[in-house]
Structure formats: C-alpha cells, structure tokens
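One structure below.
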Protein chains: 2
Amino acid sequence: MSIPGKKGASLATLKDLSRHLGLSVTQISRALNGHSDVNEATREKVMAAARQLRYQPNLSARKLATGRSGTVGLVVPAPSHAANDALFVQMISGLSHNFSKLDVRFLLHIADERDDPVAVHRKLVDSAALDGFVVVDSRVDDPRVHFLQRREVPFVLHGRTLEAVDYPYFDIDNYAVGHRLTKHLTALGHRRIAFLNGMDGRSYSLARMRGYADALAAVGERFDPALHRNGEMRQSVGLVETIRLMENQTNRPTAFIAGNSLLAKGIYEALEALSLSIPGDVSVVAHDDLLPAPETAAMHPPLTVTEAALQDSWEPMARLLVGALEGQPLEALQLIGDIRFVERRSVGPAPRG
Amino acid sequence: MSIPGKKGASLATLKDLSRHLGLSVTQISRALNGHSDVNEATREKVMAAARQLRYQPNLSARKLATGRSGTVGLVVPAPSHAANDALFVQMISGLSHNFSKLDVRFLLHIADERDDPVAVHRKLVDSAALDGFVVVDSRVDDPRVHFLQRREVPFVLHGRTLEAVDYPYFDIDNYAVGHRLTKHLTALGHRRIAFLNGMDGRSYSLARMRGYADALAAVGERFDPALHRNGEMRQSVGLVETIRLMENQTNRPTAFIAGNSLLAKGIYEALEALSLSIPGDVSVVAHDDLLPAPETAAMHPPLTVTEAALQDSWEPMARLLVGALEGQPLEALQLIGDIRFVERRSVGPAPRG
DNA sequence: CCGATTATCCGAAGCGCTTCGGAAATGTGC
DNA sequence: GCACATTTCCGAAGCGCTTCGGATAATCGG
C-alpha cells in the first residue's frame with residue numbers, strides 16, 4: 001500500500017489556507033472557530049476558501065492543542081446471548097448515529113469478559129484518545145464510575161448508581177416502575193407477588209426491587225426473598241423460574257412481575273405449560289423496554305406493562321455527554337425519561353385463597 | 001464535569017520520564033520504541049520507569065509526529081433486518097476484539113442509509129483520525145475502494161471487487177462455492193437448478209453465479225436467468241422465492257442452491273408447505289457461513305453444504321489491515337479462506353422428467 | 001488635531017511525540 | 001599514542017493546531 005507517510009492528495013492545512021488567502025494562520029483559525037475579533041468579510045472569505053479546499057481540521061493536532069479530540073468511547077462486553085443481540089445492535093447504532101449527528105466520533109471497544117473494565121478505560125484515558133465515555137449497564141456501586149470521577153474524565157451513565165449523584169446520567173424512574181406494577185396488583189388483592197427481576201447488582205434492578213418492596217409494605221406485606229429472583233432477562237429464564245416458583249404447592253404466587261418482555265414471554269410459556277390461565281389463575285405484569293420483539297400488546301392475553309422505549313435513551317445519552325464535554329452545568333445533564341402505564345388484559349383480581 | 005482542560009491526575013509524558021531519569025526525551029523515546037542505538041541497561045531502566053509511572057504514549061501527539069494514530073475505522077449501515085443482527089454482532093465483536101489484541105483502536109461509524117458512504121469515509125480520512133479502514137460487503141465495482149485507493153489510504157476488504165486486485169483482502173473462493181455446489185447436483189443428473197443468490201451487485205454473489213454458470217455450461221446447460229435470483233439472504237425470502245419458482249408447472253427446478261443457511265431454511269419451509277419431499281422431489285444444497293442459527297446439520301434432512309465460518313474472517317481481517325499499516329508487501333496481505341464441502345442427506349438423483 | 005478606545009490582525013510559544021544530524025564517549029588496530 | 005570506527009547519547013526542528021500578548025490601523029470624543 002504505497003509509501004507510508006506519503007499521502008496521495010495530502011490534506012489542506014491551516015497553513016495552506018493562510019498561504020492561499022494571505023492571512024496569518026492565527027486569524028484563519030479564529031475565523032473558522034467563530035471568534036469575535038475577526039472581520040465578517042474576511043470570515044466569509046476564509047469559510048469559502050475552507051470549503052473550496054475541503055479543509056478539515058486535523059483532530060490530532062487540535063487534541064494536542066486543546067486537549068479535546070472530538071471522540072468518545074464505549075466499552076462493553078459482547079452480548080452474552082443471542083437473545084440480546086437486538087438490544088445490542090439498537091444501542092450501538094443509536095449511539096453511533098447520534099454522536100455522528102453531533103459531529104463526534106464514536107469508538108467502540110468490545111471488552112473481553114476476562115479483563116477488568118476499569119483497566120480498559122484507564123488505558124483508553126491514558127492514551128489520551130478519548131474525550132469522554134458512555135457507560136451502560138450501571139452497577140449499584142460502579143467501579144467504572146469511581147474511576148472516571150477520580151480522573152475527572154467526562155462521562156454519561158445509563159442509569160444511576162445511587163440516589164444522590166453528581167454526574168451526568170440518563171435514567172428512567174425504576175423505583176416507580178417497581179412500585180407502580182406492584183401497586184396495580186396489590187390493589188386487586190394480590191399479596192403473593194413474584195418478581196423476576198434483572199441481573200443482580202444492576203442499579204435498575206435494585207431500584208425496582210425497592211419500589212416493589214415499598215408497595216408491598218404499603219399493604220402490610222413483608223418482602224419475601226423467596227419470591228424475588230435476579231437473573232438474565234431472557235425467555236428461558238422466565239420459563240424455568242416460573243416453573244420453580246409454582247412448584248411450591250402450599251404458598252404459590254398469584255401474580256408475576258417481569259423485568260422485561262422477554263421474561264414475561266417465558267412466564268406466559270410456563271403458565272401455559274402448567275395449564276394455568278392468565279389472568280384467571282395468575283396475573284402477569286411487566287416492564288416493557290419496547291424492543292422490537294416480543295410485542296407485549298400482541299401477547300395472549302395482551303400484557304399490562306409500564307413502558308419506556310430503551311431506544312429513546314441513545315439520543316439523550318449522546319446529547320448529555322456532549323453537553324458535559326462542553327462544560328454545561330450538572331443540572332442540565334441529568335435526565336429522567338418518562339414511563340407510561342399501559343393497562344391491558346393480563347391482570348385480574350387475586351383468586352380467593 | 002470539572003474544569004475543562006484541567007486533568008485530575010495528569011498523565012505521564014516523555015518529559016516526565018526524562019526528568020525522572022536524567023535522560024533526554026529523545027533517548028527515552030528511542031528506548032521505548034526499540035531503536036538500536038540505546039544501551040540495553042538504560043533501556044531496562046526506561047522501561048521500568050515507564051511502567052512505574054504508568055506511561056502511555058499520547059496517541060494524538062504520536063499521530064502528529066508520525067502520521068499514524070493507531071486507530072482504524074469501519075463504516076457500515078445498521079442491519080437492515082433483525083435476522084441479520086447476529087451476523088452484525090459477530091462482525092463488530094470480532095473486529096473490535098481482534099484489533100484490540102493488536103493494540104489498535106476500533107472506531108465504528110453506523111452510517112445512515114441516506115448518506116453517501118464515500119463522503120463518510122472522506123470526512124474521516126480528512127480529519128486525520130484514522131490510519132485505515134475495514135471495508136465489508138464489497139461490491140463488484142466498489143466506490144469506497146476506488147476512493148481509498150485514490151487517496152492511498154490503507155484498507156482491507158472483506159471480499160474482492162474483481163479478479164486481479166492490488167489491495168489487501170480476505171475472501172473465500174466464492175467461484176468455487178458456486179461451482180462445487182452446482183457440480184454436485186449436475187453429477188446426479190440435475191439440470192434445472194435454481195439459485196437463490198445474495199444481494200445484487202455484491203462481489204460474492206457475482207463470483208458464485210459465475211461458478212454456477214460455468215458448472216452448468218460444463219454439462220451443456222445454458223444459464224437461465226429465470227432460475228437465478230438476487231436478494232436479501234433471509235428465511236422469508238427463501239420461502240417466497242421458492243414458492244414462486246415452483247409455481248411454474250411446466251419446467252420446475254429439480255434442485256435449489258441457497259446462498260446461505262437462512263435462505264435454505266426458507267426453501268425447506270416452502271417445499272414442506274408444498275408437500276414436496278427433500279431429496280425425493282427436490283434436492284437442496286447451500287453455502288453455510290456457520291452462523292449460530294440455523295444449524296444446517298440439524299435440519300431435516302441434514303443439509304449438504306459448502307461451509308466456511310464467517311466468524312473466522314475477523315481475525316485475518318484485523319491482522320491484514322495492521323500488516324498493511326506496517327507496510328508489509330501486498331502478497332502477504334491477500335488471503336483466501338478455506339471452504340469445506342460437507343455432504344449430508346438433502347441431495348438425491350434428479351427425478352425422471 | 002490628539003490621546004484613547006475599538007476593531008482587526010499577527011508572531012511566537014507550546015501541546016507530546018519522533019527523527020535528523022551531529023556530539024560525546026568508548027573501543028579498535030597499528 | 002593516534003586516527004578511526006562504533007556505541008550511546010542529545011538538541012533542535014517540526015507535525016497542525018490554539019492561544020496569549022501585543023501590534024497596527026481605524027474610529028471617536030472633545
């Protein structure tokens with residue numbers, strides 16, 4: 001491939017523009033970057049010449065001068081299971097697309113399961129390649145967040161680690177999700193309510209569990225660890241956990257809450273296999289991330305859910321990170337997305353014990 | 001997020017090491033980069049200090065000095081259909097993972113359908129952010145390739161555009177795929193052989209078609225455009241195209257070749273729906289990329305295929321691109337992966353007309 | 001008409017790295 | 001002991017950009 005270093009049509013630089021226009025490099029730079037002390041007429045000329053010569057600033061040079069490279073990164077493991085592929089694709093596409101709309105480049109690092117996420121971030125930070133990070137799948141006490149905060153590297157978190165936080169994030173009110181779904185069931189008399197929650201240690205799982213526990217407490221019901229399960233949110237998990245929970249003949253749950261629609265699908269499948277009807281024998285509700293499949297409205301019976309499109313996270317995530325890079329105040333960088341409660345046909349009154 | 005530009009624990013630079021060791025910056029740089037004119041003892045000391053101070057070269061600075069940033073890019077559209085998600089995830093993961101093993105960063109740009117791929121590449125090239133590109137889904141006359149060649153930007157292509165090419169690529173022998181599968185069928189007396197091929201304009205589709213046409217010609221059969229279809233390689237496409245092809249009562253194909261296993265699945269489904277048996281009434285063969293699903297060995301009947309794991313492309317792709325960046329000779333940068341012919345139970349002799 | 005403000009502009013330095021050309025120190029042969 | 005080669009080191013320049021501080025010219029008030 002050609003002689004290394006010898007570029008074919010070498011790129012236009014500020015110096016080229018300077019020569020071309022008989023202006024100093026300084027003034028060209030200031031003109032292009034919208035500084036105030038440059039005559040409007042010359043700015044026009046500079047802009048025109050820049051377009052004509054196809055000038056693009058050299059990002060490495062700019063990075064060196066300003067400390068900002070215009071590139072952000074995401075470090076994620078590959079999807080653990082094919083069922084999560086769609087989610088992964090949506091996330092990657094959403095982020096890449098929205099960053100490029102903001103003229104920011106998006107660096108993706110698919111991490112090995114084995115290696116320490118903090119080490120990967122550190123390496124990227126130390127090589128000064130990135131201005132900031134997107135952090136997803138947040139943990140209740142997330143080491144990546146600690147690291148980035150300590151090093152004062154901008155980032156935006158998908159989720160939150162605790163209640164009071166001092167970094168940019170986009171999240172939905174997961175406490176409300178857990179609370180709302182539970183309350184909907186308790187209002188109809190349900191007391192033994194199983195909750196197939198998300199992965200252990202994830203902040204959204206914890207928040208939802210708290211909402212669930214508090215809504216139970218409100219009707220005098222104690223949180224029963226035997227009815228709460230953490231795990232991957234896949235259909236097969238919903239299937240086996242439901243069967244396990246229904247095994248117990250003496251004190252079966254009368255209702256299920258699913259962390260997402262895939263789990264709910266598994267619950268439906270299990271109940272069907274056990275010849276239990278929804279909502280006659282068992283009620284089911286779920287949170288729906290509005291992934292392409294499965295569609296909760298098309299299930300039999302249609303599933304009652306709280307819904308919030310995960311897909312809608314990526315635009316704000318990109319916007320918030322760029323805001324952070326631009327030094328916007330923290331208040332403007334913390335966003336909570338809406339959730340909607342959609343009542344359908346999967347819930348009935350608790351059967352009489 | 002903090003005062004922009006003011007880094008918390010600011011990174012170690014060559015100057016720091018220089019001060020620390022009482023050596024010139026030059027010598028530190030040469031020591032770290034393995035140049036010959038540095039005493040082994042001092043090199044040791046430098047290495048040790050670098051480790052201790054957690055020195056990481058500033059890639060932007062290096063880029064400015066050498067023209068190489070250690071970052072490569074991929075521009076792709078988002079998967080057009082959920083059926084392709086798995087493939088997409090495999091590709092992205094495989095590339096990212098293999099590049100990071102080679103200590104190269106991987107920039108992903110999910111392109112909008114609407115915007116011109118060449119323009120996107122141009123912008124990335126002009127901003128001097130990338131050393132080279134991975135180019136996938138190659139076309140018979142690929143504008144991206146033309147652009148990159150003209151600008152002398154290193155790249156590696158997945159596939160080939162023509163027979164005689166002068167750039168790095170990884171490909172499989174798609175001509176052989178088409179030829180082998182067809183010949184297997186003609187040897188058993190089949191003459192009316194339908195081919196559900198990949199997307200129009202893709203180089204692999206063309207190569208396979210040529211192999212198919214030549215193998216037909218070898219038994220005196222003319223290529224019949226009515227029996228050859230280009231399209232997306234999805235199950236539903238296989239289904240409808242098969243039904244359409246079998247509609248023609250007078251001159252039905254006695255065998256099908258599928259571009260991949262998804263298409264084959266659709267063919268199976270259609271033939272089953274039409275109450276046609278495999279291989280009694282119709283024979284089927286396919287090329288199998290060994291995607292996680294569907295498994296051609298587990299189909300009923302097990303499918304005769306040529307197989308080549310797409311998954312195995314990404315390691316060589318990464319290696320070849322890095323080789324190109326390092327200026328290795330072209331001969332070392334063109335690789336053709338193996339294909340295996342696996343005979344199973346989906347083919348029988350042509351039924352007597 | 002003059003000193004002071006304002007609008008435009010520019011030179012030079014510096015970001016962290018590599019590399020060219022040469023300098024200093026060490027070793028070699030006779 | 002000297003001319004020479006070899007080994008090991010260093011200063012300075014430069015990659016393309018931003019920015020600080022100051023320069024120049026135009027404008028203004030009185």
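It should be emphasised that the depicted structure is a prediction, and the values quoted were computed from it without experimental measurement. Labels below follow one simple rule: chain letters A, B, ... track the order of the sequence lines, proteins then strands, and each chain is numbered from 1.
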Asp103(A) with Lys101(A): basic N within carboxylate O range, under 4.0 Å: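 A salt bridge is absent here (no side-chain N lies under 4.0 Å from a carboxylate O).
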
Sidechain N-carboxylate O distance under 4.0 Å for Arg151(A), Asp126(A):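 Salt bridge flag = yes for Asp126(A) with Arg151(A).
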
What is the distance from [atom1] of [X] to [atom2] of [N], rounded to the nearest Å?
X: His35(B); N: dT18(C); atom1: NE2; atom2: P; value: 8 Å
X: Ile28(A); N: dT19(D); atom1: CD1; atom2: P; value: 16 Å
X: Tyr55(A); N: dC17(D); atom1: OH; atom2: C1'; value: 7 Å
X: Leu59(B); N: dT18(C); atom1: CG; atom2: C1'; value: 14 Å
X: Lys45(A); N: dC9(C); atom1: NZ; atom2: C1'; value: 13 Å
X: Leu64(B); N: dC15(D); atom1: CG; atom2: C1'; value: 4 Å
X: Leu32(B); N: dC17(C); atom1: CG; atom2: C1'; value: 11 Å
X: Arg62(B); N: dC15(C); atom1: CZ; atom2: P; value: 19 Å

Lys15(B), nearest nucleotide to its side chain (from dG16(D), dC15(C), dT18(D)):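 For the Lys15(B) side chain, the nearest candidate turns out to be dC15(C).
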
Minimum-distance nucleotide to Ala65(A) side chain [options: dT19(D), dG14(C), dG14(D)]: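 Shortest atom-to-atom distance from the side chain points to dG14(C).
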
Distance test, side-chain N/O of Asn33(B) to OP1/OP2 of dT18(C), below 4.0 Å: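 Yes, within the criterion.
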
For a quick test of reading the model, state the closest non-hydrogen atom pair linking [X] to [Y] and the distance between them.
X: Leu325(A); Y: Asp131(A); value: CD2-O, 3.4 Å
X: Arg144(B); Y: Val118(B); value: N-CG2, 4.0 Å
X: Ile92(B); Y: Ile110(A); value: O-CG1, 4.0 Å

Separation between OG of Ser313(B) and CG of Asp171(B), rounded to the nearest 0.5 Å: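 Reported value, rounded in 0.5 Å steps: 9.0 Å.
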
Salt bridge (Lys or Arg N to Asp or Glu O under 4.0 Å) partners of Glu331(A), counting only residues at least two apart: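 Scan of Glu331(A) (salt bridge (Lys or Arg N to Asp or Glu O under 4.0 Å), adjacent residues dropped) gives none.
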
Identify the pairs formed between an N or O of the protein and an N or O of nucleotides 4-11 of chain D at a distance under 3.5 Å, and give each distance.
| unit_1 | atom_1 | unit_2 | atom_2 | d |
| --- | --- | --- | --- | --- |
| dT8(D) | OP1 | Asn39(B) | ND2 | 3.4 |
| dC9(D) | OP2 | Asn39(B) | N | 3.0 |
| dC9(D) | OP2 | Thr42(B) | OG1 | 3.2 |
| dC9(D) | N4 | Asp37(B) | OD2 | 2.8 |
| dC10(D) | OP2 | Ser24(B) | N | 2.9 |
| dC10(D) | OP2 | Ser24(B) | OG | 3.3 |
| dG11(D) | N7 | Thr26(B) | OG1 | 3.3 |
| dG11(D) | O6 | Thr26(B) | OG1 | 3.0 |

